[in-house]
Every structure is written in C-alpha cells, then in structure tokens.
Colleague: 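Here's a structure for you.
Sequence lines set the chain letters: A, B, ... in the order given, protein chains first and strands last, and positions in each chain run from 1.
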Amino acid sequence: MIKREKIKDLLNSTSFNTDVRVMGWVRTFRNNQFIALNDGSCMGNIQIVVDFNNTPEELLKRITTGAALAVDGILVASLGKGQKVDIKAVNIEILGDSNAEEYPLQPKKHSLEFLREKAHLRFRTNTFNAVFKVRHALAFAIHQFFNEKNFVYMHTPVITASDAEGAGEMFKVTTLDFDKTPRTENGKVDFSEDFFGRATNLTVSGQLEGELAAMAFGQIYTFGPTFRAENSNTTRHLAEFWMIEPEVAFADLENNMQLAEDMMKYVINYALSNCQEEIAFLNERLLEEEKQKPQQERSELSLVEKLNFCLTNEFERLTYTEAIQILKHSKPNQKKQFKYLIDEWGADLQSEHERYLVEKHFKKPVILTDYPKDIKSFYMRMNDDNKTVAAMDILFPGIGEMIGGSQREERLDKLTKRMDEMNIPQEELWWYLDTRRFGSAPHAGFGLGFERLVLFVTGMTNIRDVIAFPRFPKNADF
RNA sequence: UCCUUGGUAGCUCAGUGGUAGAGCAAGUGACUGUUAAUCACUUGGUCGGGGGUUCGAAUCCCUCCCAAGGAGCCA
C-alpha cells in the first residue's frame with residue numbers, strides 16, 4: 001500500500017502522474033465530480049476528481065459534507081482555474097459517513113455565535129483552523145522566547161490554599177459531601193475534614209509561587225491555566241484562561257517593561273512569519289467583516305498592518321500621573337463625553353479612558369506605570385513618593401489590558417505594612433514573606449493573558465472564540 | 001451583576017393584533033471541468049418556556065431562561 005501523504009505537501013508538489021494516497025474530510029462535493037478534501041495539515045483543500053460515470057451511485061451518495069475519506073489516486077496538474085493540482089481518484093473508501101441531513105456545518109458561512117454552540121465541530125472551519133494554528137504558534141513562540149533567554153519554566157500548582165492574593169473570586173475545591181458537610185462547634189463548615197485538611201481553591205495566579213522560584217533560579221516563567229469565578233460576561237473574560245507569568249530577580253520596573261515589550265514583539269513576529277497563510281486568511285476575514293460596518297467604525301489598519309505596526313514602533317511609556325493630565329485635557333473630558341469624567345488624581349482608569357489613550361491619542365500599545373498605591377495590589381513596590389507603586393499595565397488597541405505587572409516590594413517592613421493596611425493576613429503567606437526574610441532582592445514580573453494575545457494576533461473579537469472550549473458563567477459544555 | 005438589543009424552518013433573517021414567509025441548507029430529478037457549481041421540484045415551524053389581556057397573539061402585558069454588544073471586575 002502507498003504511504004499516506006499530507007495535503008499540505010501535495011498542494012506544493014509537482015510530481016505529477018504519481019500514485020498518491022490521502023485521507024481527510026469532505027468540505028464540499030460539487031458537480032457530483034469534485035471533492036474539496038481537507039486533512040487539517042493546512043487551510044487549503046485538495047481537489048479530488050471523481051469519474052462519476054464509473055463510480056457506483058451508492059458510493060457517490062455517501063460523499064457528503066463532513067465525511068471522512070481515504071482516497072487513492074494519481075496526482076495531476078489541474079485543468080480548473082482554482083488550484084494547481086488535482087487527484088484523479090482511482091479508489092475512494094468511506095472511512096466515516098456524515099449524514100448530510102444531520103451534520104450541522106453546511107457549505108456556507110456560519111455565524112461565530114452559532115459555531116460557539118458547536119464548539120466540538122468548529123475546528124473544521126477555516127476560521128477556527130486558522131485561529132488555533134495561530135494559538136499554537138504563539139504558545140510555542142512564548143516557550144522559545146523564554147528558553148532562548150534561559151528562563152526556567154515552572155509549573156505552579158493549580159490547587160492552592162492561599163486566598164489572600166485578592167486577584168478575584170475563586171472556585172472552591174472540595175471532596176466534602178454537600179448534603180452533609182461536617183460542621184465545627186460554631187456551625188461553620190469544618191474544612192479540617194476535607195481532602196487537604198483545609199479550604200482549597202483553584203489558582204487565580206501563579207505569581208506568588210513564581211516569586212519563590214525566581215529567588216533561586218533568577219528568572220522563571222509560568223504558563224498554565226488560571227481560574228476566576230467572577231460573574232464576568234464580556235468579550236475579554238473567561239472563567240478558565242491561560243496565563244504567562246515571568247518573574248525576574250534583580251530586575252526593576254524598567255527591565256520588566258523591556259522584557260514585556262520584547263516578548264510581545266518576538267511572539268507577534270513569530271506568528272507573522274510562521275502562520276502566513278492563516279494570518280492572511282484572518283486578515284481577509286476581518287476586512288470582509290469591516291465592510292459590514294459604517295465607515296466611522298472601521299479600523300484604520302488591517303490586521304497585518306496592525307501587527308507590523310506593533311513590531312516597528314516603540315510602545316508608548318508614560319506614568320499614571322501623565323495619563324491623568326492627558327485625559328483631563330482631552331476633548332471627551334472637556335466636552336463631558338466620558339461617562340466617568342476625569343477630575344482628580346487617584347481615580348482608577350475606566351475602559352473608556354484606556355481606550356482613548358490607546359486608540360485615539362497614541363494609536364499604539366501603551367505602557368502605563370506608577371499607579372496610585374490604593375488601586376493596586378499589596379505586593380507592588382512602593383515608590384519614593386509614598387503615593388504610587390512601581391506597577392505597569394500594557395494596554396493594547398481593541399483589547400485593553402493585555403499585561404499587568406510590577407516591581408515587587410522586596411523590603412519586608414514595607415511589605416508587611418501594606419499587608420496590614422489592606423487586611424491581608426500575614427500568617428497565611430508566611431512562606432511568601434520568608435523570601436523577604438532570607439536573601440530578599442529586587443525583582444519584578446508580569447502576567448500576560450494568553451487568550452488576549454491570541455485575540456490581538458488573530459483579529460478575533462470575542463475571547464470565547466480563541467480558546468477551544470470556553471468556560472464562562474452558565475456554560476461548561478464539552 | 002447592571003444597561004441595551006435580540007430569540008420565528010437546520011442556518012441567516014422578514015413578518016408589529018386576523019391564523020406562517022424568503023434565501024441558503026437538506027431531499028428528489030436534470031446537467032456535467034466545477035470553485036459556497038447551476039436549474040427545476042419537494043420536504044421542513046408547539047414563532048425561547050410559562051402565565052395573562054383579547055372574539056382572535058409570532059405581534060400587546062407580566063415572568064423566567066438563553067444569546068449578542070456595552071459596563072463593572074480583571075489577564
């Protein structure tokens with residue numbers, strides 16, 4: 001028997017008149033004669049030409065959209081205009097039938113909302129083929145970037161006992177029987193009877209554990225699933241998402257910003273050069289979509305232009321205080337077009353403000369630094385002004401916050417003081433505080449929401465379309 | 001969780017008080033170098049669920065569920 005070949009290789013082949021064998025799934029079957037076959041090796045289909053006069057009616061009827069086939073045939077130069085090569089079928093074997101009356105994917109354009117409900121089948125569409133290839137490339141590029149810089153990939157725990165991080169609502173992890181939970185004398189659930197002997201949750205961040213490792217390896221990163229039980233129903237939040245969290249010893253906020261910008265450019269560049277076909281497709285898809293919109297709402301740059309723009313321009317860096325000044329004097333603020341008007345220093349920035357800075361004022365990624373201490377986490381390093389902390393948020397057009405990071409507070413007295421002020425129990429984080437007791441050192445790190453990166457690079461607009469099986473409130477299908 | 005807009009055939013939608021429609025898909029047939037093939041015919045609906053108003057409800061009211069977009073929370 002001949003060895004099976006990948007469609008990707010055959011589409012570029014010029015070895016005409018050779019016997020080939022392919023396997024794949026039917027995308028369309030036109031004219032009782034032309035099968036567009038896809039095997040996932042690339043976005044393109046190979047055209048199988050069927051000699052329908054010498055093929056049993058029985059078999060022709062079973063060549064339906066979605067059916068899996070094994071085809072033996074001869075590779076020939078195509079007579080048609082749409083493609084360079086055809087396979088003249090000699091023998092077609094149906095590996096798996098696909099009932100055309102029941103198969104949900106039709107040879108036509110489907111809405112993303114519809115495909116979201118068919119998440120088990122949506123990989124079979126061009127759009128999702130492209131999205132998940134790009135997702136793969138980005139994940140690979142992230143590992144390659146850190147590996148080249150000699151970072152150590154740490155696997156931080158998915159189940160944690162600390163609930164003091166304040167990053168968000170947590171999912172409880174328990175084996176207790178809900179119908180008869182053990183109770184303490186004062187009526188509370190007795191978690192000492194639970195599997196771990198204490199209350200546990202799914203992690204909301206690997207940062208604290210990451211810091212422990214960074215204080216030995218010097219530079220580490222994590223890349224794993226993260227969970228937030230927030231009741232968020234937006235196009236950029238998930239209950240289960242993947243996060244990349246580098247942590248670097250002997251680094252300050254400046255180093256941290258540089259690392260983040262370098263990483264973003266590295267992985268975007270990797271995707272551009274390794275997913276040309278996919279990104280070209282997504283670029284076209286987005287252009288088509290934008291055509292539906294009124295002129296005003298269309299973006300100035302195409303997807304490819306936007307990605308290239310990111311690579312060739314420095315991210316704009318400015319402090320929170322400078323941003324407030326810009327916003328205060330901005331047109332929408334003067335004309336009271338903001339829903340939340342910028343009045344004085346200290347307020348948290350709303351999405352509309354971030355969007356103005358990124359999309360209207362600077363028109364490129366922006367790194368905002370040195371936020372007021374009161375709107376940031378306890379572990380961020382206090383600046384000399386005692387008002388701001390060495391925090392940074394990287395804002396991207398269309399996405400908002402892509403990265404959040406900071407230089408960490410390495411001074412034990414200042415750290416414990418902040419914890420007291422923010423009511424964070426020190427005894428629960430004794431192990432974290434130990435790093436400040438024994439050989440503390442300046443260090444910094446950040447968290448990158450992987451799906452938000454995939455959103456940006458694919459030009460998709462809903463985060464539920466860039467993760468295979470999205471988890472969000474009221475939804476855990478598949 | 002809040003605000004807005006929606007939920008009608010497998011899909012995308014029209015129908016705004018008088019008894020259910022189109023295009024595509026699917027089925028049957030014709031045609032055969034097509035490119036989401038084309039042409040003809042056919043099938044297909046508890047109009048999101050429940051309750052109410054009315055002689056009569058897809059249409060009006062109440063309520064619940066679900067979806068999209070925006071907000072908050074954040075990555």
Side-chain angles (χ1 to χ4, degrees), chain A residues 27-36 44-53 57 60-61 64-66 76-83 86 88 98-118 125-126 165-169 204-207 222-223 225-245 260 297 338-340 348-355 375-377 393-396 399-405 446-456 461-465 467 472-475 477:
Chain A
R27 283 289 175 84
T28 62
F29 183 31
R30 289 183 296 270
N31 218 0
N32 222 10
Q33 199 177 175
F34 304 101
I35 304 169
N45 308 319
I46 199 159
Q47 177 159 280
I48 312 291
V49 183
V50 183
D51 178 6
F52 62 92
N53 283 320
E57 185 85 359
L60 290 173
K61 291 259 182 221
T64 54
T65 305
V76 295
S78 180
L79 300 175
K81 282 183 184 155
Q83 59 284 317
D86 286 347
K88 239 180 164 43
S98 173
N99 186 326
E101 282 181 83
E102 290 170 16
Y103 186 58
L105 302 186
Q106 301 162 6
K108 65 178 246 184
K109 192 173 155 57
H110 288 292
S111 68
L112 294 173
E113 292 81 18
F114 173 70
L115 291 171
R116 216 168 285 150
E117 290 170 5
K118 305 275 180 287
T125 65
N126 287 333
E165 291 158 54
E169 288 295 311
V204 292
S205 163
Q207 182 200 315
T222 73
F223 188 169
T226 312
F227 308 86
R228 303 275 165 93
E230 303 285 350
N231 190 9
S232 297
N233 292 285
T234 79
T235 52
R236 49 189 195 287
H237 290 87
L238 290 165
E240 176 181 291
F241 63 101
W242 288 65
M243 191 151 64
I244 295 109
E245 296 177 288
E297 289 173 33
F338 282 142
K339 194 173 167 202
Y340 299 90
D348 209 348
L349 299 181
Q350 308 292 322
S351 322
E352 59 180 348
H353 307 132
E354 295 181 351
R355 188 160 287 169
I375 58 172
K376 288 292 180 184
S377 307
D393 279 4
I394 305 189
L395 311 176
F396 264 66
I399 312 284
E401 187 177 343
M402 176 87 77
I403 286 174
F446 62 82
L448 163 73
F450 184 56
E451 282 75 18
R452 291 187 180 174
L453 170 65
V454 182
L455 268 185
F456 183 72
T461 51
N462 192 319
I463 202 162
R464 296 168 186 183
D465 294 330
I467 187 166
F472 51 96
K474 298 278 183 291
N475 200 300
D477 286 343

Colleague: Under a 3.5 Å cut-off for both distances, is B:U54 Watson-Crick or wobble paired, and to whom?
Modeller: none

Colleague: Have a look at A:Gly80 and say if it touches a base, only the backbone sugar-phosphate, or nothing, with a 4.0 Å heavy-atom cut-off.
Modeller: base

Colleague: From C-beta outward on A:Glu401, which listed nucleotide comes closest to its side chain: B:C66, B:A67, B:A75?
Modeller: B:A75

Colleague: Using a 4.0 Å heavy-atom cut-off, does A:Lys81 contact any base of the nucleic acid, only the sugar-phosphate backbone, or nothing at all?
Modeller: base

Colleague: Across all strands shown, which nucleotide pairs with B:A22 by Watson-Crick or G-U wobble geometry, both distances under 3.5 Å?
Modeller: B:U12

Colleague: What is the nucleic acid contact for A:Gln350, judged by heavy atoms within less than 4.0 Å: base, sugar-phosphate only, or nothing?
Modeller: sugar-phosphate

Colleague: Across all strands, who's sitting opposite B:U46 as a Watson-Crick or G-U wobble pair, both distances under 3.5 Å?
Modeller: none

Colleague: Provide the Watson-Crick or G-U wobble partner of B:A30, both distances under 3.5 Å; none if there is no partner.
Modeller: B:U38

Colleague: Indicate, with yes or no, if the rings of A:His353 and A:Tyr340 have centres closer together than 6.0 Å.
Modeller: no

Colleague: Regarding A:Arg236 and A:Thr234, do their side chains bring together a donor and an acceptor under 3.5 Å, going by distance alone?
Modeller: no

Colleague: Regarding A:Gln83, tell me which of base, sugar-phosphate or nothing describes its non-hydrogen contacts under 4.0 Å with the strands shown.
Modeller: base

Colleague: Across all strands shown, which nucleotide pairs with B:A67 by Watson-Crick or G-U wobble geometry, both distances under 3.5 Å?
Modeller: B:U5

Colleague: In Å, rounded to the nearest 0.5 Å, how long is the span from CD1 of A:Ile375 to CG of A:Leu349?
Modeller: 6.5 Å

Colleague: How is A:Lys61 classified with respect to the nucleic acid when contacts are heavy atoms under 4.0 Å: base, sugar-phosphate, or nothing?
Modeller: sugar-phosphate

Colleague: With a 4.0 Å cut-off on heavy atoms, is A:Phe241 in touch with a base, just the backbone sugar-phosphate, or nothing at all?
Modeller: base

Colleague: Taking for each residue the nucleotide of RNA chain B with the nearest heavy atom, is it A:Lys376 or A:Arg464 whose nucleotide lies nearer the 5' end?
Modeller: A:Arg464

Colleague: Below 3.5 Å between N/O atoms, which protein atoms pair up with nucleotides 4-6 of chain B? Just atom names and distances, please.
Modeller:
none

Colleague: Ignoring hydrogens and angles, are the base of B:C74 and the side chain of A:Ser232 linked by a donor-acceptor pair under 3.5 Å?
Modeller: no

Colleague: So what does A:Arg116 touch, heavy atoms closer than 4.0 Å: a base, only the sugar-phosphate, or nothing?
Modeller: sugar-phosphate

Colleague: More than 12 foreign heavy atoms under 6.0 Å from NZ of A:Lys109: is that the case here?
Modeller: no

Colleague: With a 4.0 Å cut-off on heavy atoms, is A:Asn462 in touch with a base, just the backbone sugar-phosphate, or nothing at all?
Modeller: sugar-phosphate

Colleague: Please classify the nucleic acid contact of A:Phe52 as base, sugar-phosphate, or nothing, using heavy-atom distances under 4.0 Å.
Modeller: base

Colleague: On RNA chain B, check which nucleotide each of A:Ser111 and A:Ser78 is closest to and give me the residue with the more 5' one.
Modeller: A:Ser111

Colleague: Ignoring backbone atoms, establish whether A:Thr235 has a side-chain N or O less than 4.0 Å from OP1 or OP2 of B:A68.
Modeller: no

Colleague: Is there any protein nitrogen or oxygen under 3.5 Å from a nitrogen or oxygen in nucleotides 36-39 of chain B, and what are the pairs?
Modeller:
unit_1, atom_1, unit_2, atom_2, d
B:A36, N3, A:Pro107, O, 3.3
B:A37, OP2, A:Thr28, OG1, 3.3
B:A37, OP2, A:Arg30, NH1, 3.1
B:A37, N7, A:Asn31, N, 3.4
B:A37, N6, A:Asn31, OD1, 3.0

Colleague: Could you tell me whether A:Leu238 contacts a base, only the sugar-phosphate backbone, or nothing, with contacts defined as non-hydrogen atoms closer than 4.0 Å?
Modeller: base

